[in-house]
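The first residue in the sequence is number 1, and the count goes up from there.
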Amino acid sequence: MQRCVVKYFGQLSCRKKILPSDGLDLYSALITGQRHASMLSFATVDPVEVSGSHPGQMYNLVQGKWQGTSKWVELLDPLNGEKFIRVPDTSNSENQLFVKSSQSCPKSGLHNPLRNSERYLLYGDICAKAGYALKQPEVETFFTRLIQRVSPKSYAQALGEVTVTQKFLENFSGDQVRFLARSFAVPGNHAGQQSTGLRWPYGPVAIITPFNFPLEIPVLQVLGALFMGNKPLLKVDSKVSLVMEQFLRLLHECGMPLTDVDFINSDGPVMNNLLLQAEPAMTLFTGSSKVAEKLALDLKGRIKLEDAGFDWKILGPDVQNEDYVAWVCDQDAYACSGQKCSAQSILFMHENWKKVGFKEKLKELAARRKLEDLTVGPVLTVTTERMLEHINKLMDIPGAHLAYGGKPLDGHNIPKVYGAMEPTAVFVPLKEMLKSKENFALATTEIFGPFQILTEYKDEDLPLVLEACERMHAHLTAAVVSNDVLFLQQVLSNTVNGTTYAGIRARTTGAPQNHWFGPAGDPRGAGIGTPEAIKLVWSCHREIIHDVGPIPKDWKIPQCT
C-alpha cells in the first residue's frame, strides 16, 4: 500500500506536522505565510503560503476539464482583509457547459445494480486509497491548515473535520460501497414470479454546501451520491471552496474519473438559474432555512434539506460533574466561533444548577477563548454590528440581561464584512420568552456566531420548556443532560430533533461518521455519513417483478373482467 501512496502523492515525509503543542502562534503563522515544505503532488496551493502576496488560484471542473471563467472574484482574507484567493465567477452565459454535462447523465445513473456494477468496486478502492492518504501526517496537516486558512478555527477543530472525513473513507472502502446497494427478493404468486427491491440512483444530481465545514460536508455528500451511481454537480460556498477543489484533485489521483463530478464556483442567483436549466433529479442543500425554502419551491420539491438549526440543550435536575458539563456547553456554543449548524443556541438550566454557580463556570470558560489560537475568530456570515443589534433587542425583553461577553474583539485586522465578537450569552426569563410571538421569535433567532441564550426553569416549569421546544421550527440537534431515566423519557418522548444526545455527557455538536446526523420532522430532511443516510438521500426504491413463467399448458383465455 505504501507504494500506491508514493505513486499517487509523491514524497510524503517532507512536511512537518505542526500541532498546538509546538507553541506556534497560529494566528500569526497563518497570516504571515510561513512555507514549511514542498508541495504534495495533487496540490496546487500551499495552505500556509496562500496570502495577499501569494494568492491562490482556483478553477471550475466541468466535463472532465479544469477551466477558468471570464471574470474572477478576489476573496478577502478573514484574518487581515487582504485579497488572497482568486475564485471563478461563473456567469449565466457560462452555465451551458454545466447544463450539458449534467443532462448527459441518464436517469438510470452512471451505474446501478444492473449496469456498470464494477463501479461499486471502483469507489471502494478509491475510498481505501484516499482514506490511507488522508491518514498520512503530511496530507492530514495540509487539509487541516487549508481549512484554518479559509474558515479560521482552532487546529483541533479543523483537525477533527479531517479525521471524520478520513474515518468515513475507511468505512466505505473494500466492499462497503456495493453493500449500500443491497437488494431483497420476495416470492411471487406462482412459479417464475419474484419481486426484487433495488436501491436506484437518481442520475443527475446537485449538491450545495456551506462554508462552516469546507471538507467534511461536501466530501461525505459527494461520495455518498457517487456511491449510489449519481453524477453530482457540486457548489461549495466560494469563501471556502478551495478546500474541496484540492480534495477533488486528491480523489482524481486515487482513481476517480475526471468526468464523474462537476465543480462550479458562482454566486447564488447564477447557481439558482443553473438548477432551473439543468433540472437535476435531486438536489441536496445544506445551509440557511430561507434559501432552503426558496429552492424547495423552485425545484418543485425535488430536494433534500439539512438546513439551519436553533439547537437546544436541557440540563436536568440531577446536578453532577459540573465542570465537565460546563466544558461541553462551552464547546457546543463557541467552538468554531459558534459557526456550526449544531451549535448550542439555547440552554435550559434547571434551578439546581444555579446553586453550584454554573453560569459563573460558563463565563470563566468563555473568557479563555482568544484570537491568537483561533478558539474564537472571524464570523463569516454575521457582522459585529448585526450581533450587537440583536443583543440590544433582546435586552428589551423584561428581565433579560447580558450574562457575559457582548463586546467586539479588539486588536485584530478582521475586515468589517465579517464579525468579530467575544463569546456571548444573554439570559432571557423563560416565561417572558413564551409570553408573546415576538419575544419567542426574537429569542429563537439563530445567530451563526459565538452567541447563545440562557434561561432557567423549575420542576413545575418543564411543560413550558417542552412547549418552547415544540414551538421551534428547526429540529436538527439537541441534548438532554441528565442520567435521570424518567426525566430523559419525558423529554425525549415529547421532542423531535433528528440527532439528540441523552445522558450526563450529552452534547449538541459533533457529527462523527459513526452515527446519523440530520434533522427530523420534515419529509425533506437529509442525513449525512451513515449507510442509512446515504441510501435515504442518494437513492430511491425501484421494484422489479420478474414473471417468466412457465404458463400452464392447459391455460385458456378466461372471461373478461
Side-chain angles (χ1 to χ4, degrees), residues 63-64 98-130 168-169 171-207 219-234 251-252 254-262 278-284 299-304 526-551:
Q63 296 179 335
F98 293 94
V99 173
K100 184 178 180 180
S101 181
S102 182
Q103 293 179 344
S104 69
C105 178
K107 293 179 180 178
S108 55
L110 299 176
H111 63 267
N112 60 53
L114 303 180
R115 192 184 79 247
N116 296 335
S117 56
E118 65 276 4
R119 281 175 53 89
Y120 294 111
L121 306 183
L122 170 67
Y123 273 96
D125 189 44
I126 291 168
C127 285
K129 293 173 181 175
F168 173 87
L169 292 165
N171 285 349
F172 290 98
S173 60
D175 287 323
Q176 297 308 309
V177 174
R178 67 168 154 195
F179 287 162
L180 291 170
R182 189 190 303 271
S183 62
F184 64 84
V186 177
N189 294 332
H190 48 255
Q193 186 184 75
Q194 184 182 66
S195 61
T196 305
L198 303 169
R199 299 311 303 177
W200 210 255
Y202 291 104
V205 299
I207 299 171
V219 170
L220 269 59
Q221 294 293 17
V222 163
L223 285 174
L226 289 165
F227 292 164
M228 303 312 295
N230 303 289
K231 176 182 172 68
L233 165 62
L234 172 65
L251 289 177
H252 293 152
C254 291
M256 185 178 82
L258 279 162
T259 54
D260 275 12
V261 178
D262 291 331
E279 296 184 310
M282 209 284 289
T283 295
L284 180 281
L299 301 177
K300 299 180 176 62
R302 296 189 299 272
I303 194 166
K304 287 288 186 181
I528 190 171
T530 62
E532 292 76 19
I534 293 169
K535 287 184 280 189
L536 171 78
V537 175
W538 295 117
S539 68
C540 57
H541 181 90
R542 185 184 188 190
E543 193 89 359
I544 295 179
I545 297 90
H546 293 276
D547 204 347
V548 298
I551 299 171

Does a sphere of radius 6.0 Å around CD1 in Ile551 hold more than 12 heavy atoms from other residues, nucleotides or ligands, not counting ones at 6.0 Å or beyond? no

Distance col, row Ile534:CD1 vs Glu532:CD, nearest 0.5 angstrom, shows 9.0 Å

Check Asp175 against Leu121 and note the closest heavy-atom contact, atom names and distance. OD1-CD2, 4.1 Å

N/O donor-acceptor pair under 3.5 Å between Lys231 side chain and Thr259 backbone: yes

Leu220 and Gly529: which non-hydrogen atoms are nearest, and at how many Å? CD2-CA, 3.9 Å

Please round to the nearest 0.5 Å and tell me the distance separating atom CG of Asp260 and atom OH of Tyr123. 3.5 Å

Looking only at heavy atoms, the pair that brings Met228 and Trp538 closest together is CB-O, 3.4 Å

When rounded to the nearest 0.5 Å, the distance separating NZ of Lys535 from CZ of Arg182 is 7.5 Å

Looking at Gln63, is its backbone amide N or carbonyl O close enough to the side chain of Asp262 to form a donor-acceptor pair, meaning the two atoms are under 3.5 Å apart? yes

Distance (rounded to the nearest 0.5 Å) between Ile126 CD1 and Ser173 OG: 12.0 Å

Given 3.5 Å as the limit, does a donor-acceptor pair link the side chain of Asn230 with the main chain of Pro204, or not? no

Quick check: closest heavy atoms across Pro113 and Ala181, and the distance to 0.1 Å? CG-CB, 4.4 Å

Taking the side chain as every heavy atom from C-beta outward, state whether His190 and Asp547 have any atom pair closer than 4.5 Å. yes

Phe227 backbone acceptor or donor facing His111 side chain under 3.5 Å: yes

Are any side-chain N or O atoms of Ser101 and backbone N or O atoms of Phe98, one a donor and one an acceptor, separated by less than 3.5 Å? no

Is there side-chain contact between Phe168 and Cys127, with heavy atoms separated by less than 4.5 Å? no

Residues Trp200, Leu114; criterion side-chain contact (heavy atoms from CB on, under 4.5 Å); working and verdict: CA-CA 10 Å; Trp200 210 255; Leu114 303 180; 4.0 Å; yes

Testing the basics here: between Pro201 and Cys540, what is the closest heavy-atom pair and its distance to 0.1 Å? O-SG, 4.4 Å

If you compare all heavy atoms of Asn112 against all heavy atoms of Tyr120, which two are closest, and at what distance to 0.1 Å? C-OH, 3.2 Å

Mind running side-chain contact (heavy atoms from CB on, under 4.5 Å) on Leu536 and Lys304 for me, showing each step along the way? CA-CA 10 Å; Leu536 171 78; Lys304 287 288 186 181; 4.2 Å; yes

Any side-chain to backbone donor/acceptor pair from Arg199 onto Ser539? Under 3.5 Å, distance only. yes

Could you check if a side-chain atom of Leu284 sits within less than 4.5 angstrom of a side-chain atom of Val205, using non-hydrogen atoms only? no

Mind checking the CG-CG spacing from Leu223 to Leu169? Nearest 0.5 Å is all I need. 6.0 Å

By salt bridge (charged side-chain N to carboxylate O under 4.0 Å, His left out) - contacts of Arg302 (at least two apart): none

Rounded to the nearest 0.5 Å, how far does OG of Ser108 lie from CG of Asn116? 9.0 Å

